[in-house]
Amino acid sequence: MTAPALTAIEQRVLWLATAIVHQANRVRPNPSGLKVGGHQASCASLVSIMTSLWFRHLRPEDRVSVKPHASPVLHAINYLLGELDEAYLPTLREFGGLQSYPSRAKDPDPVDYSTGSVGIGATAPIWGALARRYLTTRGSSAGTGRQYSLVGDAELDEGAIWEAILDPAVAELGEIVWIVDLNRQSLDRVVPNIAAGRLQGMFDAAGWQVLTLKYGRLLEELFTRPGGEELRARIDGMPNPEYQRLLRCDAAQVRDRLPAGNEALASLVASLDDETLLAAIRNLGGHDLGSLDEVFASIADDRPTVIFCYTVKGRGLPTQGHPQNHSSLLTVAQMEELAASLGTDLASPYEGFAAGTPEAALCAEVASRLRRPDVPSAPSLDLPVDIGRTPSGTATTQAALGRVLLDLTREAPEAAKRVVTVSPDVSSTTNLGGWVNKVGVWSATERRDWFEDDPETIMHWREKPTGQHVELGIAETNLVGLLGELGATWSRWGEPLLPIGVMYDPFVERALEPWSFGIYAGGQSILIGTPSGVTLAPEGGAHQSIITPSIGIEQPGCVSYEPAFAIDTEWTLLAALGRLGKPGGTSSYFRLSTRPVDQTLAVVPTDPAARERRRRQVVAGAYLLRRASEPAVTLAAMGALVPDTLAAAERLAQVGVEADVVCVTSPGLLFEALQARSGRGGAESWILDQVFPAARARPLVTVLDGHPHTLAFLAGINRVPSVALGVTGFGQSGSLEDVYSYHGIDTDAVIRAALDVVS
């Protein structure tokens, strides 16, 4: 038997969530007239589920991802539990107020997972569970607890959902619980063939426990009466739109439509009074608090669980079941009627429960039960800024990545223990083999490496709880989802990790949206794209990235680097690691290359002070690599094209045209410096004075293995004539010489551009 106090709380949550949206749209002044929005119907379908979950089943160690459009329900519950001040309730979607969708970083009340990007918020608890397991196997006190996702059924259209649940590692995460709000409506319509059985079969095939809560206790009782089996068969067999239409009918219309010529069913319907009949047709399991108790109690913890809860979109509102109710708003008159039916007052919409009432006592009890300890401050990590080696010979920036990670295990072992690398089945082809051999592959339990005694095995796959490399399937969205959660452990449990994800650079674009959302949600990580550009010449256009250099300029919360030399890779990677795992930290994106480069071209200073000056410039975005006595032109190059640019400078000198050569390591940081010089933004601009001093301002040629607009802004530093070279079309297979020539980024092209710009 459901306690009356819980039912009263359920009704109050429905009212508060609806009133929050109403205030934002109908009451708050809106001089611009632009739509504010909100989703009263989407909130209503989750009210019972969230009431049951929070007030009956959640524990302080549990975490919940709430579907984006139900954010007002979360705020309503937090308000009743004393976790949100009443002053915020009228501020939904207002500047500085409650966010449109739940946000860990920006909402004033507790939010476990940021949601809003469809599918990504739903899968975040999977990666949160994996991140927590990683910590606990390494001795952390991150604890245990279930990871719930409240998912709208339309979200199951997202490919990210299925990529996540099909990853082999997920089947072992028994703390994962998904609750699908099966209201059978999307934004525009009633979904005609929701195919719940097919969806359930897909979860079952992935190794999940599948539970279905279709009917509430009233309907289940009616099914036992004469005509009950016919009633069940009738509801089970009718199309979704027909059922939704019944929700819009009065009792007389239901009596006419529901029997569909079946005498036994007609007799059962005739035996019910109007109130019972209308209640029965709406009595789906996702709105029955007692049935929800039962299904939550049946969750197994030995494998992931999905619960399909049948609900009515807009349940309890005048708009319930209407095919266009997704963004519809109740009128003032409808709000007044709703207030009267729920025992509230539109004039005072945010009334809590009076002290001494059973409802107030239950809220206080739940608030005390769910109270979490404060997150301890994350320790600061002692990371070197320069390991001290000066690379010689020929090397690639991709290989330098593995070298730096190995060096870190010797130079800063405590910090190195917090590094965790993630890749989608490309560890060997991205030069992580040495690192993986050194630290091992992470697994919750140790697994035998059956090839450990094979003399031809170079890369050893030692899976153990102390491993520091996580290998996922070939799904880049999964990788960056895990990166985001590994990068949030400092703020969840006070345990900073240094997560580095490695994938082929062309696929960074595929992963960008979920990675960007992870940054928005507070995850700090390093994403490395390698190999990159048309420098991956034999792979052809399909695997040659063009626009990725722009990511570092345009992605908020991220610093990008494209180093040319191994030493640049070391310095920038150490700097990027130093930005992780702390308040105000930032993520980083690296674009690395497989082109072998003569490391002596870097001309690393031998004097310690001069070396440190170079390091600071590398980390800040650029440095002067070749200084001419009387320059006629400046050549600014990035990444793999620095050797060709140096060769162009030498040949230009032979015809009497001296050139400075600037090696750009981070166009994004240079752009921020340029903005700061104009009084926009808080970055420092000293790097511009050192690398692009006005006294040496000359016509400029920029060149990179990517879109030319990435560096085109450099001409604005000193307002000089310029030519921007880069890649603007799909690539071709071939040798580096052929491909560079085809795109006009080879040595000859740089020389022609320099002669053009100085003539």
Side-chain angles (χ1 to χ4, degrees), residues 4-48 50-51 54-55 69-102 107-109 287 312-322 325-364 366-367:
L6 188 62
T7 300
I9 289 172
E10 174 192 31
Q11 294 175 342
R12 187 60 55 89
V13 170
L14 173 64
W15 168 256
L16 287 170
T18 309
I20 287 170
V21 179
H22 176 78
Q23 167 73 28
N25 288 274
R26 306 281 196 199
V27 180
R28 194 168 68 219
N30 183 10
S32 72
L34 294 174
K35 173 186 174 182
V36 176
H39 301 84
Q40 292 171 326
S42 294
C43 288
S45 68
L46 259 185
V47 162
S48 303
M50 292 180 67
T51 300
W54 259 262
F55 288 86
H69 292 162
S71 64
V73 183
L74 177 62
H75 298 311
I77 289 174
N78 280 336
Y79 167 63
L80 292 177
L81 296 180
E83 297 283 0
L84 180 65
D85 191 276
E86 181 180 338
Y88 280 104
L89 297 183
T91 68
L92 179 70
R93 302 190 175 202
E94 185 178 66
F95 183 78
L98 301 176
Q99 298 300 297
S100 305
Y101 310 120
D107 272 319
D109 53 332
H287 301 298
V312 175
K313 194 164 185 173
R315 175 66 153 77
L317 305 181
T319 56
Q320 64 183 333
H322 194 281
N325 68 7
H326 181 81
S327 297
S328 66
L329 299 168
L330 300 191
T331 65
V332 173
Q334 288 173 325
M335 285 293 293
E336 290 173 343
E337 292 173 6
L338 182 66
S341 69
L342 297 177
T344 56
D345 185 354
L346 186 57
S348 302
Y350 306 126
E351 290 287 339
F353 293 110
T357 62
E359 294 81 9
L362 180 55
C363 288
V366 171

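All residue numbers in this chain count up from 1 along the given sequence.
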Problem - 4.5 Å side-chain heavy-atom contact, L329 and R26 - result: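 The answer is yes; the side chains approach within 4.5 Å.
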Exercise for the section: Report yes if some heavy atom in the side chain of V36 is under 4.5 Å from a heavy atom in the side chain of V21; otherwise report no. Expected result: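 When only atoms from C-beta onward are counted, V21 and V36 do not touch, as no gap falls below 4.5 Å.
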Problem - Cationic N near anionic O, under 4.0 Å, R28 to E94 - result: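 Salt bridge present between R28 and E94.
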Which heavy atom in [X] sits nearest to a heavy atom in [Y], and how many Å separate them?
| X | Y | answer |
| --- | --- | --- |
| V13 | A76 | O-CB, 4.1 Å |
| A70 | M50 | CB-SD, 4.4 Å |
| F353 | A8 | CZ-O, 3.9 Å |
| Y79 | Y350 | OH-O, 2.5 Å |
| H69 | C43 | O-SG, 3.3 Å |
| L338 | S341 | O-OG, 2.8 Å |

Exercise for the section: Please step through side-chain contact (heavy atoms from CB on, under 4.5 Å) for the pair Q23 and L92, ending with a clear verdict. Expected result: CA-CA 8 Å; Q23 167 73 28; L92 179 70; over 6 Å; no
Check for a donor-acceptor pair, side chain of [X] on one end and backbone N or O of [Y] on the other, with a separation under 3.5 Å.
| X | Y | value |
| --- | --- | --- |
| W15 | P349 | yes |
| T91 | L98 | yes |
| R12 | E351 | yes |
| H75 | L84 | no |

Let me confirm one number: the [atom1]-[atom2] distance from [X] to [Y], rounded to the nearest 0.5 Å.
| X | Y | atom1 | atom2 | result |
| --- | --- | --- | --- | --- |
| F55 | L80 | CZ | CG | 5.5 Å |
| D107 | Q99 | CG | CD | 5.5 Å |
| H39 | K313 | NE2 | NZ | 7.5 Å |
| L16 | Q11 | CG | CD | 12.0 Å |
| N30 | K35 | CG | NZ | 12.5 Å |
| L342 | E337 | CG | CD | 11.5 Å |

Problem - Distance-only polar pair, side chains of Q40 and T18, donor-acceptor under 3.5 Å - result: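 Looking only at side-chain atoms, T18 and Q40 do not form any donor-acceptor pair under 3.5 Å.
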Handout entry: Steps toward side-chain contact (heavy atoms from CB on, under 4.5 Å) verdict (I20, Y88)
Key = CA-CA 9 Å; I20 287 170; Y88 280 104; over 6 Å; no
Practice task
Quick one: do R315 and S45 satisfy side-chain contact (heavy atoms from CB on, under 4.5 Å)? Show the steps, please.
Solution key: CA-CA 6 Å; R315 175 66 153 77; S45 68; 5.6 Å; no
Exercise for the section: Among T357, I9, I77, find the one that has a side-chain contact (heavy atoms from CB on, under 4.5 Å) with C363. Expected result: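 Between C363 and the candidates, side-chain contact (heavy atoms from CB on, under 4.5 Å) is satisfied uniquely by I9.
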Exercise for the section: Could you please spell out the steps behind the side-chain contact (heavy atoms from CB on, under 4.5 Å) verdict for T51 and T7? Expected result: CA-CA 9 Å; T51 300; T7 300; over 6 Å; no
Problem - Greater than 12 external heavy atoms within 6.0 Å of Y101's OH - result: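 Yes, enclosed.
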